[in-house]
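Atom set for the values below is all heavy atoms of this structure, side chains included, hydrogens, waters and symmetry mates excluded.
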Amino acid sequence: MSGNSQRPWKLPVLTSSASQVPTLLDTSKPHSARMYDYYLGGKDNFKVDRETADRAAQSWPAVRTAARENRAFLGRAVRYLVEEAGIRQFLDIGTGLPSTNNVHEVAQSIDPTCRVVYVDNDPIVLAHAHALLTSSPEGKTAYIDADLRDVQTILDNPVVRSILDFDQPISLGLFAILHFLVEEDQPRQIVRTLLDALPSGSYFIASHVSAEHDTAGVRGLEQTYRDSGIPAQARDAADFAELAFAGLDLVDPGVTLISEWRSDGDAARLPAEAVNAYGGLARKP
């Protein structure tokens with residue numbers, strides 16, 4: 001869905017329980033999921049999202065490259081988990097709008113029995129839930145409308161519990177969402193609560209924007225988001241690693257630029273300032 005209207009709309013949207021509920025869609029304020037969709041060339045965004053994204057990109061033009069590289073990182077990480085780590089269950093929080101390389105598409109292309117639960121809190125994403133719920137006959141996918149900050153609600157959700165077996169290893173994915181948690185949100189407690197709920201042998205994938213290689217550009221983007229009512233906090237690689245992976249066993253090559261995490265050796269190497277985002281994957285002992 002796209003459009004230029006700036007007034008709130010009530011949409012009938014599909015939930016994971018297939019019930020129709022009215023959800024208030026406020027098109028007067030930008031949303032990070034719709035801005036990300038715009039960076040990727042999608043059409044499910046509004047004028048306010050595009051204008052805010054364009055202002056952010058004026059500070060950091062490489063944001064579109066970082067968004068594309070993040071999707072590619074997601075695909076490589078999920079492929080590793082299915083092919084090499086034997087993971088068949090995925091909890092993807094901060095899903096965003098359906099694009100290429102969705103978790104269930106990558107995972108079920110390798111093993112159709114994989115199960116995936118998506119979590120996001122934007123009405124547009126909820127309206128497109130049917131695209132995320134398209135599963136192979138052998139596997140399952142589901143979507144719940146929830147905020148990462150309300151972590152216990154996610155873990156206690158009956159849909160999550162019905163799709164995922166918490167007695168078996170699960171992959172937790174927080175792709176390009178941790179930088180929307182500022183320190184007041186207590187991001188370490190959120191991550192620890194999620195990881196504590198997972199059994200031994202589970203994995204955690206995460207990616208995060210950094211200002212290390214273009215400080216002025218990324219800080220300008222960060223301020224644009226904040227001025228628009230979207231919390232944002234870039235972190236350097238060391239801070240990100242401590243926030244996400246403390247106490248876990250990192251998979252080689254550890255925390256690295258998302259464009260370089262198990263990338264195709266024949267691909268042209270992007271300069272760090274063209275990416276400014278780190279990613280990693282780790283196993284819970």
Asker: Looking at OG of S109 and NE2 of H104, how far apart are the two atoms once the value is rounded to the nearest 0.5 Å?
Answerer: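 Rounded to the nearest 0.5 Å, the OG-NE2 separation comes out at 10.0 Å.
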Asker: Please confirm whether the backbone N or O of A232 pairs with a side-chain atom of R226, one donor and one acceptor, at under 3.5 Å?
Answerer: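 Yes; judged by distance alone, with no hydrogens or angles, the pair exists.
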Asker: If you take all heavy atoms of A176 and N70, which pair is closest and at what distance?
Answerer: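 Looks like CB-ND2, 3.7 Å.
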Asker: Quick check against the 3.5 Å criterion: does D49 have a side-chain atom that pairs as donor or acceptor with the backbone of H31?
Answerer: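 Checked: pair present.
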Asker: Run the salt bridge (Lys or Arg N to Asp or Glu O under 4.0 Å) test against E83 and tell me which residues pass, sequence neighbours left out.
Answerer: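 For E83, the residues satisfying salt bridge (Lys or Arg N to Asp or Glu O under 4.0 Å) (neighbours in sequence not counted) are R79.
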Asker: Are the side chain of D120 and the backbone of T95 linked by a donor-acceptor contact shorter than 3.5 Å?
Answerer: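 Yes, because the side chain of D120 sits within donor-acceptor range (under 3.5 Å) of the backbone of T95.
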Asker: Taking all heavy atoms of V82 and all of I110, pick out the closest pair and write down the distance.
Answerer: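 So the minimum-distance heavy-atom pair works out to CG1-CG2, 3.5 Å.
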Asker: Can a donor-acceptor pair be found, under 3.5 Å and without considering hydrogens, that links the side chain of E222 to the backbone of A234?
Answerer: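 Flag set: sc E222 to bb A234 pair under 3.5 Å.
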Asker: Ignoring hydrogens and angles, tell me if any N or O in the side chain of S202 forms a donor-acceptor pair with the backbone of I170 under 3.5 Å.
Answerer: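 Yes: the side chain of S202 pairs with the backbone of I170.
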Asker: To the nearest 0.5 Å, how far apart are CZ in R34 and CG in L97?
Answerer: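 It comes to 8.5 Å.
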Asker: Are the side chains of T224 and T52 in touch, meaning some heavy atoms are under 4.5 Å apart?
Answerer: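 Contact flag for T224/T52 side chains = yes.
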Asker: To the nearest 0.5 Å, tell me how far I205 CD1 sits from D92 CG.
Answerer: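 These two atoms lie 8.0 Å from each other.
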Asker: So if you build clusters from Ile, Leu, Val, Met, Phe, Trp, Tyr with side-chain heavy-atom gaps below 4.5 Å, do L148 and Y36 land together?
Answerer: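 In one cluster with L148: Y36, no.
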Asker: Considering all heavy atoms of both residues, which atom of A237 and which atom of V255 are nearest to each other, and what is their separation?
Answerer: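 In this case the closest contact between A237 and V255 is O-CG1, 4.3 Å.
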Asker: Find out if a path of hydrophobic residues (ILVMFWY) with successive side-chain heavy-atom gaps under 4.5 Å connects L40 to I230.
Answerer: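 No, it is not one cluster - the side chains of L40 and I230 are not joined through contacts under 4.5 Å.
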Asker: If you compare all heavy atoms of A33 against all heavy atoms of V125, which two are closest, and at what distance to 0.1 Å?
Answerer: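 Reported closest heavy-atom pair: CB-CG2, 4.2 Å.
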Asker: Does some side-chain heavy atom of D37 sit less than 4.5 Å from a side-chain heavy atom of I124?
Answerer: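 Sidechains of D37 and I124: no contact.
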Asker: Give a yes or no on whether the backbone of I258 and the side-chain of R76 come within a donor-acceptor separation of less than 3.5 Å.
Answerer: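 Yes, R76 side chain to I258 backbone: donor-acceptor pair under 3.5 Å.
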Asker: Given L270 and L257, is the side chain to side chain contact (heavy atoms under 4.5 Å, CB included) satisfied, shown in steps?
Answerer: CA-CA 10 Å; L270 290 169; L257 289 171; over 6 Å; no
Asker: Would you mind checking if E183 and R235 are paired as a salt bridge, meaning a charged N to carboxylate O distance below 4.0 Å?
Answerer: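 Salt bridge: yes.
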Asker: Output every pair passing ring pair (Phe, Tyr, Trp, His ring centres under 6.0 Å) with a member in residues 186-208, not counting sequence neighbours, ordered by first then second residue.
Answerer: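 Output for this query lists H179-H208, F204-F245, H208-F240.
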Asker: Inspect the surroundings of CD in E84 and state if more than 12 heavy atoms from other residues, nucleotides or ligands are less than 6.0 Å away.
Answerer: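 Check passes, neighbour count above 12.
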Asker: With distance as the sole criterion, is a donor-acceptor pair present between the side chains of N45 and R50 under 3.5 Å?
Answerer: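 The answer is yes; a qualifying pair exists.
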Asker: Any sub-3.5 Å donor-acceptor pair from H213's side-chain atoms to A274's backbone N or O?
Answerer: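 Pair absent, no side-chain N/O of H213 close to backbone of A274.
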Asker: Is it true that the side chains of S135 and Q108 contain a donor and an acceptor less than 3.5 Å apart?
Answerer: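 Per modelled atom types, S135 and Q108 side chains form a pair under 3.5 Å.
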Asker: Side chains of Y118 and N102: any donor to acceptor distance under 3.5 Å?
Answerer: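 The criterion, which ignores hydrogens and geometry beyond distance, is not satisfied for Y118 and N102.
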Asker: Quick check: does any side chain N or O of R262 sit under 3.5 Å from a backbone N or O of D252, one acting as donor and the other as acceptor?
Answerer: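 Looks like yes, one N/O pair under 3.5 Å.
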Asker: Calculate, to the nearest 0.5 Å, the distance between atoms OG and CG belonging to S207 and L281 respectively.
Answerer: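 If I round to the nearest 0.5 Å, the distance is 11.0 Å.
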Asker: Looking at D185 and P187, would you say the former's side chain and the latter's main chain have a donor-acceptor pair under 3.5 Å?
Answerer: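 Looks like no, no N/O pair under 3.5 Å.
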Asker: Given 3.5 Å as the limit, does a donor-acceptor pair link the side chain of K284 with the main chain of L198, or not?
Answerer: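 Yes, the answer is positive, given that a donor and an acceptor are paired below the 3.5 Å cut-off.
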Asker: What orientation do Y80 and W261 show, parallel under 30°, tilted 30 to 60°, or perpendicular over 60°?
Answerer: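 Perpendicular: the ring planes of Y80 and W261 meet at over 60°.
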Asker: Can you give me the closest heavy-atom contact between Q89 and Q168, atom names plus distance?
Answerer: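 Closest approach of Q89 to Q168: NE2-O, 3.4 Å.
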Asker: Are any of the side-chain heavy atoms of S228 and M35 separated by less than 4.5 Å?
Answerer: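 When only atoms from C-beta onward are counted, M35 and S228 do not touch, as no gap falls below 4.5 Å.
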Asker: With hydrophobic residues grouped by side-chain heavy-atom distances under 4.5 Å, do F175 and Y38 end up in a single group?
Answerer: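 No, it is not one cluster - the side chains of F175 and Y38 are not joined through contacts under 4.5 Å.
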Asker: Working to the nearest 0.5 angstrom, can you tell me the gap between L155 CG and T193 OG1?
Answerer: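 Answer for the CG-OG1 pair, L155 versus T193, is 7.5 Å.
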Asker: Tell me the closest heavy-atom pair linking P285 and D249, and the distance in Å.
Answerer: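 Shortest heavy-atom contact: CG-OD2, 3.7 Å.
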Asker: Quick one: list whatever passes salt bridge (Lys or Arg N to Asp or Glu O under 4.0 Å) with D54, sequence neighbours left out.
Answerer: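 By the salt bridge (Lys or Arg N to Asp or Glu O under 4.0 Å) rule, D54 matches R64.
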